[in-house]
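Note sheet for the following structure.
Sequence positions, counted from 1, serve as the residue numbers for this chain.
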Amino acid sequence: MASSPRQTTTLTALALGLLALLCAAGPCSGTGGGASVPSVVTEAFFNGIKSQAGDGCEGKNFYTRGAFLSAAGSFPGFARGGSDADGKREVAAFFAHATYETGHFCYISEINRANVFCDPSSRWPCVLGKKYYGRGPLQLSWNFNYGPAGESIGVDLLRDPDRVARDPVVSFKAALWSWMSSAHQAVPRGFGATVGAMDGGLTCGGRNPAQVNALVGYYSRYCQQLGVGPGNNLTC
């Protein structure tokens, strides 16, 4: 027997209500709209960044598009949730910061590896003999970042921080964790807001104009390559 219009409306409302509850729990959050990351981050785009680094760079054979896409699959909210243009701007912003931090994917770890970067007051205890200097595309630093990043991606980075420098997928996952924990929420406010979110205390307010200018330059270039305008509020 066919359903009445009232029954159909009630069932639809119940279905939508259930979907809303499921999405509120997390699985659907941030996945609507936005850009298709594999379609945006093409081989030409990714390798075009790496090609600017010297042949002797340690990251030349470490960072790959495949590793990035594998890591991005664990962060379905990345470049999603807004329009296609919004998603492309977030991709451009992420790679602008990664380009600056690694010198076009030249470096895996920071040059000065004597830094321990251990905050003993953190709830994430340092492991004796381990150093938490910068590693990966966004140079994950300090025990209070290695701890929660590792917990999020399912790897004990407090005991094995070098995993970020050995495993390219883990390296990109750690970078995307950093991004999604801070800069992702700032993207709608413009590229300058992502600079403030990532390193504002050391960079914004005239503290390091050269770094801001370099970041804006990379971001603008990548937006152009992706066929999207850079938007407003480029500086912090």
Side-chain angles (χ1 to χ4, degrees), residues 46 49-65 67-68 71-72 75 93-122 124-153 155-184 186 194-204 207-219 222 236:
F46 189 94
I49 298 174
K50 281 207 309 181
S51 68
Q52 303 300 308
D55 291 336
C57 289
E58 61 176 352
K60 202 78 168 179
N61 297 318
F62 181 77
Y63 298 112
T64 66
R65 174 178 177 265
F68 169 75
F75 295 88
F94 175 86
F95 279 97
H97 284 276
T99 297
Y100 184 85
E101 292 290 333
T102 62
H104 292 91
F105 291 121
C106 179
Y107 300 104
I108 301 173
S109 302
E110 69 173 88
I111 295 174
N112 184 5
R113 301 178 190 181
N115 294 320
V116 177
F117 286 131
C118 172
D119 178 1
S121 66
S122 169
W124 302 95
C126 302
V127 175
L128 185 64
K130 300 299 180 181
K131 298 179 180 180
Y132 302 99
Y133 53 74
R135 298 174 177 87
L138 294 184
Q139 295 289 279
L140 188 72
S141 305
W142 291 96
N143 55 309
F144 50 72
N145 286 319
Y146 274 89
E151 182 177 77
S152 174
I153 65 177
V155 179
D156 189 350
L157 295 182
L158 282 176
R159 291 188 177 277
D160 188 9
D162 282 322
R163 181 78 179 270
V164 180
R166 292 197 315 269
D167 185 327
V169 174
V170 169
S171 197
F172 273 117
K173 282 185 177 182
L176 284 164
W177 172 85
S178 294
W179 183 264
M180 298 302 290
S181 298
S182 55
H184 174 70
T194 71
V195 178
M198 293 300 294
D199 200 18
L202 299 175
T203 306
C204 296
R207 295 179 183 86
N208 195 339
Q211 178 176 342
V212 175
N213 290 338
L215 285 166
V216 171
Y218 292 137
Y219 171 70
Y222 298 155
C236 59

So CG of Asn115 and OG of Ser109: to nearest 0.5 Å the spacing works out to 12.0 Å

N/O donor-acceptor pair under 3.5 Å between Tyr133 side chain and Ala114 backbone: no

#### Entry: Heavy-atom neighbours of Arg166 CZ exceed 12 at 6.0 Å
yes

The reported gap from OG1 in Thr99 to CG in Leu215 (rounded to nearest 0.5 angstrom) is 9.0 Å

Salt bridge (charged side-chain N to carboxylate O under 4.0 Å, His left out) filter on Glu58, not counting sequence neighbours, yields Arg113

| said: Could you check whether Asp160 pairs with Arg163 (Lys NZ or Arg NE/NH1/NH2 to Asp/Glu carboxylate O, under 4.0 Å)? | reply: no

Any non-hydrogen side-chain atom of Thr203 less than 4.5 Å from a side-chain atom of Val212? yes

- Item | Flag, side chain of Glu110 to backbone of Gln139, donor-acceptor distance under 3.5 Å | no

### Query
Are any non-hydrogen side-chain atoms of Ser182 and Met198 less than 4.5 angstrom apart?
yes

Can you tell me how the ring of Phe94 sits relative to the ring of Phe68, calling it parallel under 30°, perpendicular over 60° and tilted otherwise? tilted

Contact between Asn145 and Ser178 at the side-chain level, heavy atoms closer than 4.5 Å - yes or no? no

Report task. Determine whether Val195 and Val216 make a side-chain contact, defined as any pair of heavy atoms from C-beta on separated by less than 4.5 Å. Result -> no

**Item:** Greater than 12 external heavy atoms within 6.0 Å of Asn61's CG
**Value:** no

inquiry  = Please determine whether a side-chain nitrogen of the Lys or Arg among Lys130 and Asp162 lies less than 4.0 Å from a carboxylate oxygen of the Asp or Glu.
reply    = no

(message) Is it the case that the ring center of Tyr222 lies less than 6.0 angstrom away from the ring center of Phe95?
(response) no

Please tell me if the side chains of Tyr219 and Thr194 come closer than 4.5 Å, counting only heavy atoms from C-beta onward.
no

Rounding to 0.5 Å, atoms CG (Asp199) and CG (Asn208) come to a distance of 8.5 Å

| Is there a donor-acceptor pair closer than 3.5 Å between any side-chain N or O of Lys173 and the backbone N or O of Ala71? | no

Item checked: Heavy-atom check, side chain of Tyr132 versus side chain of Phe144, under 4.5 Å -> no

Trp179 side chain reached by His97 side chain, heavy atoms, under 4.5 Å: yes

Would you be so kind as to tabulate the donor-acceptor pairs closer than 3.5 Å made by side chains of residues 101-108, with sequence neighbours excluded?
residue	atom	partner	partner atom	Å
Thr102	OG1	Ala98	O	2.7
Thr102	OG1	Phe105	N	2.8

For residues Val155 and Asp167, determine if any side-chain heavy atom of one lies less than 4.5 Å from a side-chain heavy atom of the other. no

Would you check if the distance from the ring center of Phe117 to the ring center of Trp142 is below 6.0 Å? yes

